[in-house]
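The chain is numbered in sequence order, starting from 1.
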Amino acid sequence: MKKVYTSAAEALDGLLHDGMFIAAGGFGLCGIPELLLDAIKEAGTKDLTFASNNAGVDDFGIGILLQTKQVKKMISSYVGENAEFMRQYLSGELELEFNPQGTLAERMRAGGCGIPGFYTKTGVGTVIAEGKEHKDFNGETYIMEEGIFADLSIVKAWKADETGNLVFRKTARNFNPPAAMCGKTCVVEVEEIVPTGSLDPDLIHLPGIYVHRIIQGEHEKRIEQRTTRAA
């Protein structure tokens, strides 16, 4: 089965449609599948629902799709650092489903493992719990959260072999493995593709069984918040 494609547009060919649900890796500006997001923007696919920790910034990450009004709903943990995200949410143009970060990661992982729902204490007694099933275990109240089952996963990794085994680079791993797991189809962009068998099995972070298509490309390494002191 061919997994290596020459471009983001080719890797997404036949997968995109209006109204689809996409899970995206990344945390802040770290580990963002920027090439695939650019290709989605160019394709003009609209009415999208994204499950992602945040939406990048105004001109990078999912933020570029907010600018073009291609996103209908965000399932996220954090809305800061993106003025357009906040503007659309506060004006009622964008639907937002808040998730605690651990809950969002577990919802993705659960979906990837075929688990439809799980109980957690996180969010009990807050707006997060509104409308959700409550259940007591050993005298403690929990709420049920549903696993995320996306139409498409887009993620960023450091290295891949030709069968799709992935290695992530330090904190750029973040939400990428669970995001990769929960999509019906997973497309990955990497900095380097290496021959099959050249990766140490003990160092593989996500097995190729979850990965369907791979592209290699150049990536921008941004600093989200630059803090310096006077000389």
With sequence neighbours left out, write down each residue that passes side-chain contact (heavy atoms from CB on, under 4.5 Å) with [X], or none if nothing qualifies.
X	value
Glu95	Lys73
Arg169	Trp158
Asp200	Asp202, Leu203

Is the backbone N or O of [Y] less than 3.5 Å from a side-chain atom of [X], with the two atoms forming a donor-acceptor pair by type?
X	Y	value
Asn174	Thr171	yes
Asp161	Val194	no
Gln70	Thr45	yes
Ser77	Asn53	no

- Query: According to the ring pair (Phe, Tyr, Trp, His ring centres under 6.0 Å) rule, which pairs have a member within residues 80-124, sequence neighbours left out?
  - Reply: Tyr119-Phe137
- Item | Sub-4.5 Å side-chain heavy-atom contact between Thr120 and Glu106 |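 Not in contact.
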- Student check: side-chain heavy atoms of Glu191 and Lys156 closer than 4.5 Å: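 Side-chain contact under 4.5 Å: yes.
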Shared hydrophobic cluster for [X] and [Y] (ILVMFWY, side-chain gaps under 4.5 Å):
X	Y	result
Leu104	Tyr142	no
Ile215	Val167	no
Leu48	Phe149	no
Met144	Val124	no

- Item | ILVMFWY clustering at 4.5 Å (side-chain atoms), partners of Val211 | Val4, Val155, Leu166, Phe168, Met181, Val188, Val190, Ile193, Leu206, Ile209, Tyr210, Ile214
- Kindly check if the number of other-residue, nucleotide or ligand heavy atoms within 6.0 Å of NZ (Lys170) is above 12?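 No.
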- Message: Less than 4.0 angstrom from a charged side-chain N to a carboxylate O is my criterion; do Glu93 and Arg87 meet it?
- Response: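 Salt bridge flag = yes for Arg87 with Glu93.
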- Message: Quick check for you: to the nearest 0.5 Å, what is the distance between Leu152 atom CG and Leu36 atom CG?
- Response: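 One finds 8.0 Å between CG of Leu152 and CG of Leu36.
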- Does Thr6 have any side chain to side chain donor-acceptor pair (under 3.5 Å) partners at least two apart in sequence or in another chain, and if so, which? Glu10
